[in-house]
Every structure is written in structure tokens, then in C-alpha cells.
Asks: 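First the structure, then my questions, so here it is.
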Amino acid sequence: MIRILFFRTLLCVFMLYACGCQDSSETQDLVSQPPKTTDAASPRALLQIALDDPGTVQTPSAPIRFEPLGKAAGIEFTRFDDMRGQHRLLETNGGGVAVLDADADGWPDVFFSNGCKIPLQPDDHSTPGALLRNRAGQRFEDISRHSGLMQYGLGFGCAVSDVNNDGFDDLCVTRYGTVQLWLNCGDGTFLESAESAGLRHSGWGASAAFADLNSDGNVDLYVVNYVQDSDSEPRLCPEPASPDGFIGCSPALFEAANDQLYLSDAAGGFVNISQQSGLNQHSGKGLGIVICDLDEDRRPEICVANDGEANFLFSLQPLPDDMASDDAQRSAVDASTRIRLKEQGISANFALNELGYAQAGMGIAAADFDRNGQLDLFLTHFYGDTNTLYENASEPGQILFRDATRQSRLGPPSRDKLGFGVVAADFNLDGWPDLITANGHVDDRTWLEGGQPYHMQTQLFQNQAGQFRDVSRDAGDWFSVPQLGRGLAHADFDRNGLPDAAISSQLQPAAVLINTTRVTNSAIRIRFVGRSSSRTPTGLLSISETQQNDSYRQQLSHDVQQLAGGGSFQSCSEPLIIFPTSPDKTNQTRRTIEIHWPSQQIQTASISAGTWVWVEGQNPLATPM
């Protein structure tokens, strides 16, 4: 009976629309807008229920496709993880991926972190990380030894920024016990400088992110620590039913390791302000991080994905003078740069999912998935659970999210996967950010009754007006090969305007995936150089607008993108913003781009398809694609 009444009501709603109770343009606008969470009692909500039916999602005419670059193109790196049948937690998280322009030639290069034998031996240099130079998007060359960037030890996460504002990308690598800071000398070589820069870090560093947290024009560093474990006497979990007598221990059995926050001293070094900022008061088992502005107040928020515990969402507040711990910190960090953190994950509905429990947070991505002008957050999780999409519903003075996993249809396809790295980018230039997730179990449990998959396929989700469709089967042969996927980053490696991807797996070679999608739109690629802002202007907001065109149903009328710090899992993507242009060549090839710099300066220009370098305070300069 209820179902009959429902469909009668729904029919009445459609009749009202058909009889002209709304004008035709307003009805057309309803159909073209992305689905929203609405009140079930409203007529608009009843119409939206019909629009949410799976049959209304349009199948893409040109599928997103990727082709891997392998050994023939110089991609020969395979991460080493010392797996000996004891299923130690230290061997499960794998490595990260960093995209950086190591030689400042405009072509994005890629770095893969590496592991080592356990227990650690200080003189073990047998398994370095790999820095691969991009040769015009066609092949890569291993320049690790030539550049001096030889990362040893048990390496995990990567973060990239121009730390000293000298025009060259620098690299931070988190490791078990320490971090490394590789400063780019500008002559093709790197110098490890963590100790001299004040980065005296301990603990199990996972992901890391650079961002200018106090708006002084210098980037600061947040390092996410995971749990407390020993490389010499690791915690083991015997399991008689297992073929080798052990099973991987749950992270719930380990104590958390507090994250660390380092503030730039504006002289090339860093000061640890974890205590004075209040960060030490918050304990979590962190794996992923992204730093971005969520409430449009021009101040960044720090979002940390915790494993099995409530996620963190820190906002920044000025620190009173009486909270400076000593004279040394007072001199290194003056009144204009001291900050404290306010944790508001619970109040913002980000700490827990809609069922009210903490999930196993791994990777995190930030993008405006529903195109409402605010950044949403997507987190990957453990096998048997769903990944989660947190839709941004913030208002001035209040950060607020709602769990939109069901409405977006991202839940069911992720239940039989264990997600790590995740990137959001517009892979087919239709104006809607899509998703790639790197999947793979942390432990071989195929012997369990019922079984659990160990290796898993990477997934590609196409965003269709706010709802997602798993298009992995059509994305190319590489997506059908099961992996132990871990780190994941995106970049336009061949500089054709289509975002590509790089992925690090365990027990299998790393891959660079070139986007070969056939698109009708062109691309506007913008690189940014800060002046008053930090030279790598993390937190920069870019808005693109174009006029509606009656001859072409323009869905690209308003795009908002932001350069975020961190993202994915233990990885760092290229700091590049890409906007699509319309295929209508008559009047839609140019778009008005409005740039909001972290320094509060706002610039506007009308630009066309191609590559642009935008220097703060100057007009953008076009360069060849």
C-alpha cells in the first residue's frame, strides 16, 4: 500500500511539472544538476528519487582508458619489502610515489620510495629508492645515483614542495625512525639535509604534507605517524591454521604514535611545534593526510585518515603568547607565526561514518565531486567495509560534512577491496573529477574459510554528475591484473592535458599509466609560482567560469579547484590545475580564470587551451603544450 501511494505521489509530481507548474528552463536545470541530499517530503525530493534510479545514469560514449609504460620505457622499479612469513606489520604498508620536477625542465619526474631488510642495518644500502627522470613523456631514466638522491632505510611516504623558495622542487621521505629531506641543489643533484634543517623525527612516519599553515610565505611540514612497533622485536600473532604459522596482527593491538608538526623558521629550517600547537594531545594511527581550505575562510584545514580510530580534522588558530614553551621557540617562531590546532572531526561529521563508527582510514582525496564550489573528501578503507565519500556542506563559521557514500554509489563496489592510494582528477575532461583507487590486502588470507583475496584490481570510477560508475573493465588491460596496490599519484606526464597516474605495488613492478582517452574537449594546464605566497602555493584556489551556450549544453560553467597539500596514501601528485574547454570552437575556447593566492591576492585573466605559467602578481604566460 505504501509503495502504491508513493508511486501515485511521484506520478502527480511529474504531472505538475508536465503541466507547466515550473517553466521549461527550470525543469531542465533540475535534470542537469548533480544529485543532492534533500528532504524526502519535498516535491523536488520525489523527483530526485526518480533521477537517482540507476537506469537514469548515462553510459559514457568514450571510456576512460590507460596504457602502462613498462621496462621498454624505463619503468623498472620494484619495491623491496622483507617478507619472511611472519606477517610483521612493518612489511605491510608498502611505499609511496612522489611527482616532482627534479631538473626544472617542465616535465614531471617520479620518485618511488623503497624498503629494506628488517631489522634495520645503518650500513645497508642495497635497496635504494628510485628517481626516474621524464624524457618528454615517452620514456624515463633512472637518475638516482647520478643525482645523489639515494634513499635508504625503510622508506614509506613522500611529500614535495620548494622548501627554500629557490625555484627547485625538494623532497621529504618518511622512514621508520627518521625522515629525510632532500634539498634540490639546482644542478641536477640533491643533498640530504633533515638534521641540519631541524627535522629530528622519530617514530613510524607514514604520509606527510607540506603547506604554508601560518601565511608567512614558507611551507611547513606535517608528518603522519602510524603505530609503535619494533623492527628488532616486532609484535607477532601466531595462527596455527595459517600455512606459515602466523597471521598479520590487527593495528588495534598496537599503541598509536603521535603525529609531528614542523613550522618553518623562514631561514630554511624547521621548528617542532607539536607540543605548543596542541597536536600532542591527540593520538591517532594515521596513514593519509590532505591539507586544504574546506570552509572558504582562506585558512587551511588538516585532515588525517586514521586506521581504526576517529579521523582528525584540525583547524588553525593563533597561539597566545603564554603558550610559547621557551625563549628559543619565541625567537624562532614569533607572535605572527605561532599557531595552535583545534580538532573538530566529530563536530564536522568527518571523524566517523554515518553509522557512527571509525573506519580503517588509509588514503584520502579532496575534490569538488558534486560541483557545489566546496571540496569534498573521499577515504579508502579495509576489506569488507566501504570506502566513504564525505560531501562538504559547510557554512561560514562551521565546517560540516555528510556521508554521501550511498547517494554517490561508491559504497558497494569497494566492499570486496582493501583500498590504499586514491587520486581524484578529471581524467576525461568533462568537468567532473573521477577517482582511481589502488587496492590490495595487507595479509595473505586466502587460506581462510571462504577466503579473502590478497591481490586486487585497481579501480577507476567515472563521475557522472555526482554519481560514480566503476568503469575499470573498460579502462585497459592493466586494470584487470590483480595488484598489491599502495602508493598512487597523478600527473600529466606527457603534457597533453590528460591526467596520468603512477602507482607503487608490493611484490610487483611499479607502473606509470598514460591516459589515452579520446576526448573532444581541450585542456587549460596551469602551473603556479608564488611570490608573496610560498613558491609552491599550496592552498591556492582557482575558479574557472564560462558563459552558457544554447547550441551546446555547457556543463563546464563553473569549476573550483585547489592545490592541496598531501593527498592519496604516502604519495604526492603534480601541483597542476587542469580545466577543460568546450568543443564549441566558436566562442568557448577561452575561459575566465580567477586565482585566489594564499597571500589573499586575487587575479583574473581570460585564457585559452594550452599550458600557462602563472606568477603571483603578474599576467599568466603561455608556453607550448
Side-chain angles (χ1 to χ4, degrees), residues 203 205-215 220-228 251 255-263 272-320 322-325 333 337-354 356-364 366 374-379 381 388 390-403 539 564-567:
S207 295
F210 284 110
D212 183 1
L213 300 178
N214 52 10
S215 302
D220 312 301
L221 177 66
Y222 190 109
V223 178
V224 176
N225 279 338
Y226 188 34
V227 299
Q228 300 179 36
E255 293 293 326
N258 285 3
D259 299 345
Q260 299 291 297
L261 178 58
Y262 301 89
L263 205 65
N272 190 327
I273 63 165
S274 304
Q275 180 176 352
Q276 76 174 71
S277 67
L279 180 59
N280 283 356
Q281 301 174 17
H282 303 279
S283 179
K285 301 172 183 177
L287 287 175
I289 181 175
V290 68
I291 302 178
C292 55
D293 181 9
L294 297 172
D295 57 355
E296 301 176 83
D297 66 351
R298 306 312 310 277
R299 291 183 299 179
E301 279 75 42
I302 302 171
C303 308
V304 179
N306 286 321
D307 188 3
E309 300 191 357
N311 301 317
F312 293 151
L313 196 162
F314 295 111
S315 60
L316 306 175
Q317 296 183 322
L319 182 66
D322 59 5
M323 291 189 66
S325 60
V333 188
T337 59
R338 291 197 306 273
I339 58 175
R340 65 180 174 188
L341 303 181
K342 178 182 178 182
E343 208 291 305
Q344 49 185 322
I346 292 291
S347 63
N349 288 339
F350 175 69
L352 313 170
N353 68 0
E354 67 176 357
Y357 66 84
Q359 298 176 275
M362 309 287 191
I364 183 170
Q374 296 175 307
L375 291 189
D376 311 301
L377 298 173
F378 179 80
L379 275 67
H381 294 125
T388 303
Y390 292 95
E391 186 180 81
N392 195 334
S394 299
E395 298 178 354
Q398 181 185 17
I399 300 176
L400 186 64
F401 289 91
R402 52 176 169 244
D403 188 333

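Just so you know, these numbers come straight off a predicted model, no measurement behind them.
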Asks: Between Q359 and T388, is any side-chain donor less than 3.5 angstrom from a side-chain acceptor?
Replies: yes
Asks: Taking atom CZ of R340 and atom CD1 of I273, what is their separation to the nearest 0.5 Å?
Replies: 12.5 Å
Asks: Roughly how far, to the nearest 0.5 Å, is the CD atom of E301 from the CG atom of L313?
Replies: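 If I round to the nearest 0.5 Å, the distance is 6.5 Å.
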Asks: To the nearest 0.5 angstrom, please state how far the CZ atom of R402 sits from the CD atom of E354.
Replies: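 Between R402 CZ and E354 CD, I get 12.0 Å after rounding to 0.5 Å.
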Asks: So does H282 get a backbone contact from the side chain of E343, meaning a donor-acceptor N/O pair under 3.5 Å?
Replies: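 Not at all, since once roles are kept as given, no pair shorter than 3.5 Å links the two residues.
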Asks: Parallel, tilted or perpendicular, judged at 30° and 60°: which one describes the rings of Y222 and F314?
Replies: tilted
Asks: Taking side chain as C-beta onward, heavy atoms only, is D220 less than 4.5 Å from D212?
Replies: yes
Asks: Any chance you could measure I399, atom CD1, to S347, atom OG, to the nearest 0.5 Å?
Replies: 8.0 Å
Asks: For S274 and L261, indicate whether the former's side chain and the latter's backbone hold a donor-acceptor pair under 3.5 Å.
Replies: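 Yes; at least one donor-acceptor contact below 3.5 Å.
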Asks: Please determine which of L379, V304, I364 meets the side-chain contact (heavy atoms from CB on, under 4.5 Å) test together with V290.
Replies: I364
Asks: How close do R299 and D293 get, counting heavy atoms only, and between which atoms?
Replies: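 Heavy atoms only, the tightest pair is O-OD1, 3.3 Å.
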Asks: Are the side chain of D307 and the backbone N or O of K285 linked by a donor-acceptor pair below 3.5 Å?
Replies: no
Asks: Tell me the closest heavy-atom pair linking G203 and N225, and the distance in Å.
Replies: C-OD1, 4.3 Å
Asks: Which atoms form the tightest heavy-atom contact between N280 and N258, and what is the distance?
Replies: O-ND2, 3.2 Å
Asks: If you look at every heavy atom in N272 and Q260, which pair is closest and at what distance?
Replies: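 In terms of heavy atoms, the two residues are closest at ND2-OE1, 2.8 Å.
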Asks: Is there a donor-acceptor contact under 3.5 Å from the side chain of N306 to the main chain of G286?
Replies: yes
Asks: What heavy-atom pair brings I339 and L263 nearest, and what distance separates the two atoms?
Replies: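 What the structure gives for the nearest pair is CD1-CD1, 4.2 Å.
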Asks: Starting at OG of S277, measure out to CG of N214 and round the result to the nearest 0.5 Å.
Replies: 11.5 Å
Asks: Please round to the nearest 0.5 Å and tell me the distance separating atom CD of E309 and atom OG of S283.
Replies: 6.0 Å
Asks: Take N349 and L400 through the side-chain contact (heavy atoms from CB on, under 4.5 Å) test and state the conclusion after the steps.
Replies: CA-CA 6 Å; N349 288 339; L400 186 64; 3.5 Å; yes
Asks: Applying ring pair (Phe, Tyr, Trp, His ring centres under 6.0 Å), name anything that partners Y226, two or more places apart in sequence or on another chain.
Replies: W204
Asks: Taking the six-membered ring for Trp, are F401 and Y390 parallel (under 30°), tilted (30 to 60°) or perpendicular (over 60°)?
Replies: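 Aromatic pair F401/Y390 classed perpendicular.
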Asks: Which pair of heavy atoms, one from N392 and one from L294, lies closest together, and at what distance?
Replies: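 Closest pair (atom of N392, atom of L294, distance): ND2-O, 2.9 Å.
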Asks: side-chain contact (heavy atoms from CB on, under 4.5 Å) between L316 and I302: does it pass, once the steps are laid out?
Replies: CA-CA 8 Å; L316 306 175; I302 302 171; 4.3 Å; yes
Asks: After noting the C-alpha distance and the side-chain angles of V224 and L287, does the key distance pass the side-chain contact (heavy atoms from CB on, under 4.5 Å) rule?
Replies: CA-CA 6 Å; V224 176; L287 287 175; 5.7 Å; no
